[in-house]
Structure formats: structure tokens, C-alpha cells
Amino acid sequence: MTDLFTRARGVIPGGVSSPVRAFGSVGGTPVFVAEARGAHVVDVEGRDYVDLVASWGPALLGHAHPEVVAAVQEAAARGLSFGAPTAAEVELAETIRTRVPLAEQVRFVSTGTEATMTAVRLARGATSRDVIVKFAGCYHGHSDALLAAAGSGVATQGLPGSAGVTRAATADTVVVEYNDVAALERVFAESGDRIAAVITEGAPANMGVVPPAAGFNAAIRDLTARHGALMILDEVLTGFRVSPSGWLGLEPGLVPDLVTFGKVVGGGMPLAAIAGRADLMQLLAPVGPVYQAGTLSGNPLATAAGLATLRLADTAVYRTVDTRSAELQSAVADALSRASVPHVVQRAGSLFSVFFRDAPVANYEDAKAQDTAAFGRFFHTMLDHGVALPPSAFEAWFLTAAHDDAAMNRIADALPAAARSAAGA
Ligand SMILES: *Cc1c(COP(=O)(O)O)cnc(C)c1O
């Protein structure tokens, strides 16, 4: 694969279409995937891995679920893209609203980045205010205004933000430490009448998994409501993954104004959505003055994959993913304890990640204070034993409903050696 990586780097920056895939923070050569099925991915040399990346979340049912593939094939035979409305989009929007009632109206886009970017524009249009508040370590895609102190690849590369983002583009973005209600109160006390929205992940999973402290999301809701600002809950990662109705299913009293979906909602195809209160959503063109559009938005193949995935994602699927996640969390903690490796396992529903440090992580500062070199050694030993983890210490580990006993056993078998590597032995 080193030859392929050399070729890739010759024609593609870093050899990858998205930065974290390049293995920059763990070293070595990325696995070039040829195919994936169930809980497994197979590389271009025919080597099989138990996969804990799940395409960074979408593969809730496991890779290439036969019914999802069939739905996409059937849709493909009827045409790849029309640039016109379809019945399937209506059905998918209705399916989303059934699971998440506050999603009274839904607009489809192709990526999570577009969904959050649109949510921000909509919030500014709705309030006639400029300022957006985000939390350090939360990742909301790569639009300019949201690239300040972002998680995911920005965290993996240790960047404060991004070159090419002008000061003007982030001048109206205020970054607050996660789980810090007092800091958020101060921001609202100072400039509450200029704040259009607070955007937050349902549970942050792009700096590793950092669950909201009890009452934190409620405090955001309360402050935004009192100051006439909107609350945008970014469920691109948590949506339809941690429960049938995402993070909102785990925190039922929480009622944000707008919510964004991606990843699972497209079942592995490029599809994402912004949704929320009808009076707000009606501000979008063509009904209202907030412009938003997309040539491939609501693409029929992506819509078919999303519909099939949500149809198949029943309570049994979520139960399986929850169970497998709990099993893996205790197996990892066990192996690391045995090897005397400082660690904390943090979870939010079935999402979890492992921090190589000895104290709980409440925010981005804590998340950065971990032994990423230990993670790199752990990662490579797992990979050598046929288990593919996300190649970054700042990402969640993803289970699927297809992780069967054989897959779990292979992971369990790999853990002791990986823990010893992490220990440096
Ligand atoms: C992945 C992610 C995004 C960006 O979605 P893309 O489809 O990669 O553009 C936005 N928000 C959150 C919470 C995410 O996890």
C-alpha cells in the first residue's frame, strides 16, 4: 500500500480526500479500502479488518446492508439525479419528523457542513443578529464561520483554526469552553442582544466523546430563549445513531429551535438535512428570504439509502449497538488497566472514546491533555491484529449492528497486546 500512498500523494494533497484519513497523527500508511461488508473492511491487498470507524458513523447497520444496497440499485436504475422534487424526499422528511417531532420541516442537503452552514445563515436571517456562539472542540463541518477552535481533523492536526479563513469570517463567532455555564452566561450578559444562535453538538464526539454535564444543554436552551437567540443542535453525528431519535431521544425535555442531521440519515450516501420549527424553516427560499440551494440536494440514490437505513434501524438495532458498545468499553478499560495505562473511557449513549489520561475530560483543554503518542502505539498494534480504529485520539469509536461475536472476539484478542504497546512495553 506504500506504493499506492506515494501515487496518491502525487495527485491528491496528502493522498486523501479528508485530512484525518492520512494517518498523520498516528503515523504510517493509511489503509486503502477495497470493499466493506457488515463489521468488516477489506484493504486493496485483501487483508480483512474488524472496523470501528463505520465510515465515521453512517454505517449503523454495518457496511453494505443488502437491503440498503438493493434500494440504491433500484433507485439508480430509475435515474441518478433529476434536479426536481421526488416522492422519496417527502417520505424521508416525514420519516424524520415521525422520529423527531420538532423537525416540523426538513430541507435536504448533501453534507453536514452544508446543513450547519445553512442553520447558521437561517438563524442570522431569523433574528437579524450576527453573532454565533460555538464551543471549543465541537466540530460543525468546515464552513468558514464554524472553523474556530473546531474538533475532528482540526483537533487531530493541532490547529487553532484554518488558514484562508478571514478575520471577518470569524469576527462574529464567539468560542466558549464546553460545559462552562458561567462563561456562557458572561457572553450573554455582555452581548446577548447580538447573538443569533448557540450551536452545539447533541453530545460532542469530535474531540473524543465529551458528554454534556447534567443541565448543560438545558442551560443553553434557557439562555438562548431568554435573550431571543436560537439554539441549533448539531446532530450530524449523534442523530439516528445514539437512539431512534438521536441525542434528543436521550434528553427528551430538550427542545432546540433547529437541528442538523447527516451521517446515519444518508445511510452511507451524501445526504444531510436541516430541520426544525416550521415558522423558522419557512424563512428558507423559495418561501422566505434566506437563500439556500443545491444541484444534487435530495439526490434520489442518497434518499433511497437514507430511507432504507431508517426503515431498518429499529429498536433491536439500537439495542445491539448499545450492548456491543458497553461490551467493548469494559473490554478496553480492562485491558488498559491490566497494562497500567492511564485512561478514561467516556460515553454518550452508544458513542464512546478512550482518552489516554487519568482524569475525566469535560472540555477541549482536557481533551488535548492526553497522551496521543500512547494512542498511536495502541492504534497500530490493533491494526496489526486486524482491527481498524479511527486514526486519531480525538474521535469516537463506532459500533454497528453487524458486530457479531466473531468480530467482538477479534477485538478482545487484540486488546492485551495493544494495551502493552500503549504502556510502551
Ligand atoms: C461530521 C460532522 C459534521 C460535518 O459533516 P460533513 O458531512 O463531514 O460535512 C458536522 N457536525 C458534526 C457534529 C459532525 O460530526
Side-chain angles (χ1 to χ4, degrees), residues 1-77 80 110-111 152-153 156 262-264 266-271 299 301-302 304-306 308-309 312 321 324 328 376 378-392 395-411 413-414 418:
M1 269 180 303
T2 44
D3 288 352
L4 190 51
F5 193 34
T6 303
R7 252 178 72 205
R9 278 180 298 183
V11 286
I12 300 171
V16 293
S17 298
S18 194
V20 180
R21 298 178 195 173
F23 276 31
S25 69
V26 292
T29 302
V31 173
F32 281 72
V33 174
E35 57 184 303
R37 194 158 288 110
H40 298 258
V41 295
V42 179
D43 73 18
V44 290
E45 290 165 2
R47 204 158 166 242
D48 177 287
Y49 305 81
V50 171
D51 182 36
L52 291 170
V53 183
S55 183
W56 304 93
L60 176 70
L61 306 170
H63 292 286
H65 189 290
E67 289 181 51
V68 177
V69 172
V72 173
Q73 285 171 334
E74 277 163 34
L80 300 182
S110 297
T111 66
S152 193
T156 304
K263 298 192 168 105
V264 172
M269 296 285 287
L271 185 135
N299 173 269
L301 275 61
T309 298
L312 291 159
V321 174
R324 292 313 194 185
L328 184 51
F378 182 86
F379 169 88
H380 275 290
T381 305
M382 293 296 281
L383 198 64
D384 291 344
H385 285 75
V387 179
L389 290 171
S392 164
E395 303 284 354
W397 300 14
F398 295 98
L399 274 304
T400 77
H403 280 77
D404 56 9
D405 288 342
M408 297 306 289
N409 288 340
R410 190 193 293 175
I411 300 170
D413 289 346

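What you are looking at is a predicted structure, and each value in this text was computed from that prediction instead of being measured. Side chains included, hydrogens not; waters and symmetry mates left out as well; all remaining heavy atoms used.
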Separation of [Y] [atom2] from [X] [atom1] (nearest 0.5 Å):
| X | Y | atom1 | atom2 | value |
| --- | --- | --- | --- | --- |
| H40 | D48 | NE2 | CG | 5.5 Å |
| I411 | Y49 | CD1 | OH | 15.0 Å |
| K263 | W56 | NZ | CH2 | 9.5 Å |
| F32 | R21 | CZ | CZ | 11.0 Å |
| L328 | F398 | CG | CZ | 13.0 Å |
| F5 | T29 | CZ | OG1 | 6.0 Å |

Subject >> Crowding at CZ, R7 (>12 non-hydrogen neighbours, <6.0 Å) >> reply: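 No, not enclosed.
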Original post:
Is the number of heavy atoms from other residues, nucleotides or ligands under 6.0 Å of R410 CZ greater than 12?
Top reply: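 More than 12 heavy atoms, drawn from other residues, nucleotides or ligands, come within 6.0 Å of this atom.
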Subject >> Which atom of M269 lies closest to which atom of A302, heavy atoms considered >> reply: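 Shortest heavy-atom separation between M269 and A302 comes out as CB-CA, 3.6 Å.
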Original post:
Can you name the nearest heavy-atom pair linking G62 to A402, along with the distance?
Top reply: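 Heavy-atom minimum between the residues: CA-CB, 3.8 Å.
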**OP:** Please report the C-alpha distance between V69 and E74 in whole Å, then the side-chain angles of each, then the deciding distance to 0.1 Å, and finally whether the side chain to side chain contact (heavy atoms under 4.5 Å, CB included) criterion is met.
**Re:** CA-CA 9 Å; V69 172; E74 277 163 34; over 6 Å; no
Evaluate the side-chain proximity of [Y] to [X]: yes if any heavy-atom separation is below 4.5 Å, no if none is.
| X | Y | answer |
| --- | --- | --- |
| M408 | L399 | yes |
| V20 | P391 | yes |
| D43 | V33 | no |
| L383 | V31 | yes |

Subject >> Short side-chain donor-acceptor distance under 3.5 Å, D51 and H63 >> reply: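 Yes, a side-chain donor-acceptor pair sits under 3.5 Å.
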Backbone N or O of [Y] within a donor-acceptor pair of the [X] side chain at under 3.5 Å?
| X | Y | value |
| --- | --- | --- |
| E35 | V41 | no |
| H403 | T400 | yes |
| S55 | G57 | no |
| N299 | L80 | yes |
| H385 | H380 | no |

Subject >> Salt bridge present between R324 and D405 (N-O < 4.0 angstrom) >> reply: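 So R324 pairs with D405 through a salt bridge.
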